[in-house]
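Notes follow once the structure below has been shown.
When a residue number appears, it is its place in the shown sequence, counting from 1.
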Amino acid sequence: MSYAKVHAAGVSGVTGVLVDVEADVALGMPQLVVSGLPDAALHEARDRVRAALVNAGEEWPQRRMTVNLRPATVRKQGSSFDLGIAVAILGGAGRLPLAALDGVALIGELGLDGMIRPVRGVLPMVMAAARAGLTQAIVPQANAAEAALVPGVRVKAASSLNAVMSYVRDGVELPAALPALTPDSRPQLDLAEVVGQEHAKVALEVAAAGGHHLSLLGPPGAGKTMLAARLPGLLPPLDDRAALEVTSLYSIAGRLAPGAGLVRHPPFQAPHHTTSTAALLGGGTGLARPGAISLAHRGVLFLDELPEFSRTALEALRQPLEEGSVRIGRSKDFVSYPARVQLVTAANPCPCARPGGDAFCECSPTVRRRYLGRLSGPLMDRIDLHVELFPVTSARLFAVDDLVETTETVARRVSAARSAAAERWRAYGWQVNAEAARSALRLPPSATADLRHRIDTGLLSARGYLRVLRVAWTLCDLAGADRPTREDVATALALRLGDLR
């Protein structure tokens with residue numbers, strides 16, 4: 001037999017792609033040619049596969065071997081095809097019967113010693129195999145629990161090429177993989193720990209209920225970071241679809257812990273202000289990996305010390321915030337990663353950032369304007385809620401307040417408001433008010449008169465008008481009402497302009 005075919009898988013962006021690995025072993029000058037738009041890692045697979053086969057006790061065929069990765073129009077990246085290439089070559093050389101691999105996807109990188117190494121992106125790869133009708137997958141032992149999260153696919157864990165060959169030749173069973181039982185847990189941060197700043201807590205609740213972006217401005221120590229870190233705890237757990245999306249992103253990025261289950265909690269990403277544009281949005285050589293904004297998909301992206309970020313990185317956020325996705329271009333291809341996040345920003349009012357606020361500030365008005373002027377109008381116009389925080393007094397800091405609400409209490413109101421919004425927008429496919437289009441948010445002229453005046457006087461953009469309406473609907477949901485009132489619109493406008501006290 002000179003021809004053999006097995007199934008493998010790769011990734012394109014966050015989506016898995018099923019790939020047929022074809023091998024033709026014919027007379028000719030001994031060499032291995034790999035075709036089908038392989039990247040550098042796949043060209044190097046020739047040496048890895050040869051060493052792995054020899055060290056597994058197999059003889060390297062002294063023939064001309066052609067391996068094709070089909071479909072040839074899809075760029076193949078990474079080392080996940082090594083196992084499929086090795087098995088296809090053995091099948092084409094007539095040394096391995098492949099009947100046992102019908103409907104099986106082979107995924108894994110080969111070490112020179114014949115061991116099977118873990119790879120990134122196993123979860124979306126196995127999902128692609130399931131969509132194509134395959135019922136089994138053989139994956140690296142370290143990736144087995146992750147792969148077993150995909151329903152409808154029997155996953156077998158393999159530690160070496162010898163184990164796979166014994167399974168195919170002699171029927172020696174490979175260990176069956178089970179989904180991870182380790183829950184996705186993290187320490188619960190309590191909103192009650194934030195001292196004072198009641199108006200900021202209201203804004204945080206509104207942001208959580210409607211999926212709105214939030215900007216916090218205030219002196220150091222006022223609670224900006226504490227508030228941002230507690231936002232994920234107010235959000236409901238991810239449903240199955242969102243959990244698979246987020247877990248796939250973490251799998252591709254290599255950020256999924258071994259044995260971890262589905263990511264059920266909304267993620268929280270807080271990149272440092274020196275982060276590059278590529279690290280924020282995604283990129284890198286070879287396979288472009290998801291950046292911080294995609295790792296925060298369905299969760300919170302927190303940018304602390306916002307004016308200290310590079311202007312290029314901040315301006316690059318504008319398109320993903322509008323579209324909910326990031327497109328990373330390459331010379332011959334591009335990948336797209338989801339990036340539907342809640343953006344929370346924090347900034348000091350000036351460079352000196354005295355804890356006491358304006359009364360102790362040493363910066364001139366020009367310096368203060370220049371500092372906050374690093375933030376462009378178009379970027380800030382995309383943020384729904386603007387809140388100014390004030391220094392915490394000693395009386396407030398040491399007061400005993402039994403009426404402070406916990407994260408659990410506020411999260412229940414947020415969940416009820418989100419359920420009301422999801423039911424209202426069910427026909428449109430929207431989950432939160434921040435996704436609603438202007439045509440669905442119409443209110444009577446009596447409720448929006450002030451907004452119209454501000455648009456005509458240039459104090460409010462058309463985008464700002466839409467975002468005020470969205471926040472008004474969120475306030476309505478939190479109050480348990482059917483439609484926003486004029487007071488809801490006024491409160492939403494105050495939140496937009498940073499006038500809520």
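Considering every non-hydrogen atom in both Arg374 and Glu308, the closest pair reads NH1-OE1, 3.7 Å. When all heavy atoms are compared, the tightest approach of Ala147 to Val126 is CB-CG2, 3.8 Å. Taking all atoms of both residues into account, the shortest heavy-atom contact from Ile252 to Pro290 is CG2-CD, 3.9 Å. Contact between Gly211 and Ala434 at its shortest, heavy atoms only, is O-CB, 3.2 Å. Considering every non-hydrogen atom in both Ala88 and Ala23, the closest pair reads O-CB, 3.4 Å. In plain terms, the two heavy atoms of Pro320 and Ala316 that are nearest each other are CD-O, 3.1 Å.
Interatomic distance, Ile107 CD1 to Asp82 CG, rounded to the nearest 0.5 Å: 12.5 Å. Note: Asp20 CG to Arg70 CZ = 4.5 Å, rounded to the nearest 0.5 Å. Distance check, rounded to the nearest 0.5 Å: CG of Leu227 to CG of Leu214 gives 8.0 Å. Separating the CG atom in Leu262 from the CG atom in Leu149 is a distance of 4.5 Å, to the nearest 0.5 Å. Rounding to the nearest 0.5 angstrom, the gap separating the CG atom in Leu317 from the CZ atom in Phe309 is 8.5 Å. We find the CD-NE2 distance between Gln342 and His213 to be 8.0 Å, quoted to the nearest 0.5 Å.
Inter-residue side-chain proximity for Glu245 and Val14 is flagged as unmet; no heavy-atom pair is nearer than 4.5 Å. Taking 4.5 Å as the limit, some side-chain heavy atom of Arg463 sits within range of a side-chain heavy atom of Arg382. Using a 4.5 Å heavy-atom threshold, the side chains of Ile138 and Leu101 count as touching. The closest side-chain heavy-atom distance from Leu106 to Val21 is not below 4.5 Å. Taking 4.5 Å as the limit, some side-chain heavy atom of Leu256 sits within range of a side-chain heavy atom of Glu146. Side-chain contact between Thr407 and Leu189 is absent, with no heavy atoms from C-beta onward closer than 4.5 Å. Put simply, the side chain of Ser376 does not reach to within 4.5 Å of the side chain of Leu314, judged on heavy atoms. Taking 4.5 Å as the limit, every side-chain heavy atom of Val74 sits out of range of all side-chain heavy atoms of Val19.
Without hydrogens or angle criteria, Arg120 side chain to Ala253 main chain gives a donor-acceptor distance under 3.5 Å. Judged by distance alone, the side chain of Arg418 and the main-chain N or O of Ala208 form a donor-acceptor pair under 3.5 Å. Looking at Arg169, its side chain never comes within 3.5 Å of a backbone N or O of Met165 through a donor-acceptor pair. A donor-acceptor contact shorter than 3.5 Å is absent between the side chain of Lys76 and the backbone of Leu42. Not one N or O on the side chain of Thr247 forms a donor-acceptor pair closer than 3.5 Å with the backbone of Leu244. At distances below 3.5 Å, at least one donor-acceptor pair connects side-chain atoms of Ser166 with backbone N or O atoms of Asn162. In this structure, the side chain of Arg467 does not engage the main chain of Gly464 through any donor-acceptor pair within 3.5 Å. A distance-only check finds a donor-acceptor pair linking the side chain of Asp113 to the backbone of Met115 [under 3.5 Å]. Formation of a donor-acceptor pair under 3.5 Å by the Arg117 side chain with backbone atoms of Glu109 is not found in this model. For the pair Ser251 (side chain) and Gly121 (backbone), a donor-acceptor distance under 3.5 Å is present.
The aromatic rings of Tyr428 and Trp425 lie perpendicular to each other, with more than 60° between the two planes, well past the 30° mark.
Within a 6.0 Å sphere centred on CZ of Arg424, other residues, nucleotides and ligands contribute more than 12 heavy atoms. Dense packing is recorded around CZ of Arg95, with more than 12 heavy atoms of other residues, nucleotides or ligands lying under 6.0 Å away. Atom CD of Glu322 is surrounded by more than 12 heavy atoms from other residues, nucleotides or ligands within 6.0 Å.
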### Query
Yes or no on side-chain contact (heavy atoms from CB on, under 4.5 Å) for Thr73 and Leu37, after CA distance, side-chain angles and deciding distance?
CA-CA 7 Å; Thr73 55; Leu37 288 182; 5.5 Å; no

Going through the checks in order, is the side-chain contact (heavy atoms from CB on, under 4.5 Å) test met by Arg470 and Thr474? CA-CA 6 Å; Arg470 289 171 172 171; Thr474 299; 5.7 Å; no

Margin query: Quick one, Val67 with Phe81, criterion side-chain contact (heavy atoms from CB on, under 4.5 Å). Give me CA distance, side-chain angles, the key distance, then yes/no.
Written below: CA-CA 11 Å; Val67 171; Phe81 305 99; over 6 Å; no

Practice prompt. Test Leu303 against Leu343 for side-chain contact (heavy atoms from CB on, under 4.5 Å), laying out the working first.
Written response: CA-CA 8 Å; Leu303 303 184; Leu343 175 66; 3.9 Å; yes

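Comment: Asp102 does not engage Lys5 in a salt bridge, judged by the lack of any side-chain N to carboxylate O separation of less than 4.0 angstrom. Using a 4.0 Å cut-off between charged side-chain N and carboxylate O, Asp239 and Arg264 make no salt bridge.
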